[in-house]
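Chain A is the first sequence line, chain B the second, and so forth, proteins listed ahead of strands; every chain is numbered from 1.
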Amino acid sequence: MKQLIPLSLITLVLLSGCVQEVKPWEKETLAKETMEPAGGNTLARKFQEHIYFSKEASKGGGGVAGGGCGCN
Amino acid sequence: MQLRLSLPTIALIMAANAQAEDYVTFQYMQYQENDNRVSVSAPSLMINKDFGTDYTLNASFVLDAVSGASPTYYDAGSGASAYSRGKNISADRITYDNISFSEQRAAGSVIFTSRFANRDELILGGDFSKEHDFTSVSGSAEYMHWITPAKNQSLSLGLSFQSNEITARCVDRVNCDASSGASEKMSATAINTQLSFLQNINRSSYLKASLFYLIDDGYLTDPYLNVVRNNDGNTADVVGEKRPDKRQAYGAVLHYANALNDAFTLQLDYRYYLDDWEINSHTIDSDLYYDLSPQWQFKLGLRGYIQSAASFYNGGANFFTDERYASSDYRLSDFNAVTYKSDIRYAFNRDFSMNLGLNYYDQSTGLKATYLMTGFRYNF
């Protein structure tokens, strides 16, 4: 049941009629750094993910690129 | 270097929700856990270079200097070491405490992005990570396809393969090379696949939904952690932990970003994770950005995390007997954690900015950590 929560949310958004056609020249706001994960600070994001990877048992979902570590 | 771009070209670039910039960025992280546990100093450098509008090369490098201690069981009678193991030792001598260690890690990453005439992207990556007892090499490929001509919906499929070599120290004839008696080199692989769908909701918000599937295969045991077996109150065995040689995991991620107005931007993330070690977790992450002026930017963030325990985890000293798998690693226990995040960025001009971030991580196992991140970014 819990697995269905994300899919339900997606469906809600897509079916709610709130999706609007955005023209290429209207994408200035979407291209702002603050719209990117970690506000565009990729290195800070890598640090954060490395800490969580080292201290928690879950991983994944942040993309496929990235190396491993023998974290203690 | 100044580039003169025509209006159609600008529209083409902005269609991809991304900024095309050449930059170099440096970040330094200082991480400190409570009770004099792990301390990390990590400088890192990243360079991003566009070659026209079709190719981007991104390279990064990080050095970690790690020192401190991690908790595990050991035989106090033979010294405070992760290798202070033994069978039929006096139960009174078994101690759960921090074991000192120090190590350095060097890691590098290269990502090459190629864009086609329809602006679809092929992203190829390579990573390398090296510690004295661990080496990791990985490669990844991701293809991003714009579903509609207006480029408001995209589908991405990514795959990575990672090969790890772990040095498992030879102790009590365990993890020993049969011929030389030296510590054995163990191996593990990791496969990561992710399918993502991005939808621009309007001119100021988008939603990205992802499904991921992971397979870890090989030596997944932590060679430094011990468990206590066959504790009858008088004697017990302190031996190395043992985990399954395979882990399959899958999950889903939702990422939502909304520029509430010219000053405030909100980002929300949710992740659900489940694996065949019976660990499942929920993560909720939020960041609020405030652009006070063209110079000053502030961020506050809050992250909540909760996980269940692995089926073969128990933290006690008198639980395990002859189970096939056993671990007392607190990271495999059921716990929750909260991260409080803050960051300030000051832009001296359009091309040079500095940032300072302070974060606090609080885990219900008792682990607490404070970490500071600071650095600069220069657009060239």
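Ranked by heavy-atom pairs shorter than 4.5 Å toward chain A, the options Gly125(B), Ala249(B), Gly251(B), Ala42(B) are led by Ala42(B). With chain A as partner, the option from Phe26(B), Tyr361(B), Trp277(B), Tyr256(B) having the largest number of non-hydrogen pairs under 4.5 angstrom is Tyr361(B). With chain A as the partner, the residue from Asp216(B), Ile279(B), Asp275(B), Thr283(B) showing the most heavy-atom pairs under 4.5 Å is Asp216(B). Per-residue heavy-atom pair counts under 4.5 Å with chain A were compared for Lys130(B), Arg247(B), Glu142(B), Arg303(B), and the maximum is reached by Arg303(B). Counting heavy-atom pairs closer than 4.5 Å to chain B, the top-ranked of the candidates Pro37(A), Gly61(A), Gly39(A) is Gly61(A). Of the listed residues (Thr265(B), Leu332(B), Ile123(B), Val40(B)), the one with the most heavy-atom contacts under 4.5 Å to chain A is Thr265(B).
Heavy atoms closer than 4.5 Å to chain B are found in the side chain of Gln48(A), but not in its backbone. Of the two parts of Met373(B), only the side chain, counted from C-beta on, holds a non-hydrogen atom closer than 4.5 Å to a non-hydrogen atom of chain A. For a residue to count as touching a neighbouring chain, one of its non-hydrogen atoms must lie under 4.5 Å from one of that chain's; by this rule Gln194(B) touches chain A with backbone and side chain alike. For a residue to count as touching a neighbouring chain, one of its non-hydrogen atoms must lie under 4.5 Å from one of that chain's; by this rule Asp291(B) touches chain A with the side chain only. Neither the backbone nor the side chain of Ile166(B) comes within contact range of chain A; no heavy atom of the residue lies under 4.5 Å from a heavy atom of that chain. At a 4.5 Å heavy-atom cutoff, Asn58(B) makes no contact with chain A through either its backbone or its side chain. For Leu45(B), the part lying near chain A is the backbone, with the side chain staying farther off; criterion is any non-hydrogen pair under 4.5 Å. Residue Tyr213(B) does not touch chain A at all, counting heavy-atom pairs closer than 4.5 Å. When heavy atoms are compared at a cutoff of 4.5 Å, Ala259(B) approaches chain A by way of both its backbone and its side chain. With a 4.5 Å cut-off on non-hydrogen atoms, Asp262(B) touches chain A through its backbone but not through its side chain. Interface residue Val62(B): only side-chain heavy atoms are found under 4.5 Å from chain A. Proximity to chain A is limited to the side chain of Lys341(B), based on heavy atoms less than 4.5 angstrom apart. Using a 4.5 Å cut-off between heavy atoms, Asp287(B) makes no contact with chain A at all. Proximity to chain A (any heavy atom under 4.5 Å) is restricted, for Ser205(B), to the backbone atoms N, CA, C and O. Contacts between Lys59(A) and chain B at a heavy-atom distance below 4.5 Å involve backbone atoms as well as side-chain atoms. Residue Ala369(B) does not touch chain A at all, counting heavy-atom pairs closer than 4.5 Å.
The backbone N or O of Gly60(A) sits less than 3.5 Å from a side-chain atom of Arg271(B), completing a donor-acceptor pair. Put simply, the side chain of Gln307(B) never gets that close to the backbone of Glu56(A): no donor and acceptor are under 3.5 Å apart. In terms of modelled atom types and a separation under 3.5 Å, the side chain of Gln363(B) and the main chain of Lys55(A) share a donor-acceptor contact. Of the possible donor and acceptor atoms, one in the side chain of Asn192(B) sits under 3.5 Å from a partner among the backbone N and O of Gly63(A). Although no hydrogens or angles enter the test, the distance criterion places a donor-acceptor pair under 3.5 Å between the side chain of Tyr206(B) and the main chain of Met35(A). Side-chain atoms of Thr29(A) do not come within 3.5 Å of backbone N or O of Ser204(B) as any donor-acceptor pair.
Nearest heavy atom pair, residue Val22(A) against residue Asn152(B), reads O-ND2, 2.9 Å. Residues Ala57(A) and Tyr305(B) approach most closely at N-OH, 3.9 Å, considering heavy atoms. Across every non-hydrogen atom of Leu43(A) and Ser44(B), the tightest pair is CD1-OG, 3.5 Å. Shown here for Gly40(A) and Arg377(B), the closest heavy-atom pair between the two residues is O-NH1, 4.1 Å. Of all non-hydrogen atoms in Ala141(B) and Val64(A), the two that sit nearest each other are O-CG2, 4.2 Å.
Few gaps surround CZ on Arg37(B); more than 12 heavy atoms of other groups in view lie less than 6.0 Å from it.
In this model, a donor atom of one side chain and an acceptor atom of the other lie less than 3.5 Å apart for Ser60(B) and Lys46(A).
Annotation: the span from Asn41(A) atom CG to Arg345(B) atom CZ amounts to 8.5 Å, rounded to 0.5 Å. Interatomic distance, CG of Asp285(B) versus OH of Tyr52(A), reported as 6.0 Å (0.5 Å rounding). In this structure, CD on Glu33(A) lies 7.5 Å from OG on Ser353(B), to the nearest 0.5 angstrom. One distance of note links CG of Asn200(B) with CD of Glu21(A); it measures 9.5 Å at 0.5 Å rounding. To the nearest 0.5 angstrom, Phe47(A) atom CZ is 7.0 Å from Asp64(B) atom CG.
With contacts defined as side-chain heavy-atom distances shorter than 4.5 Å, the pair His50(A)/Met29(B) does not qualify.
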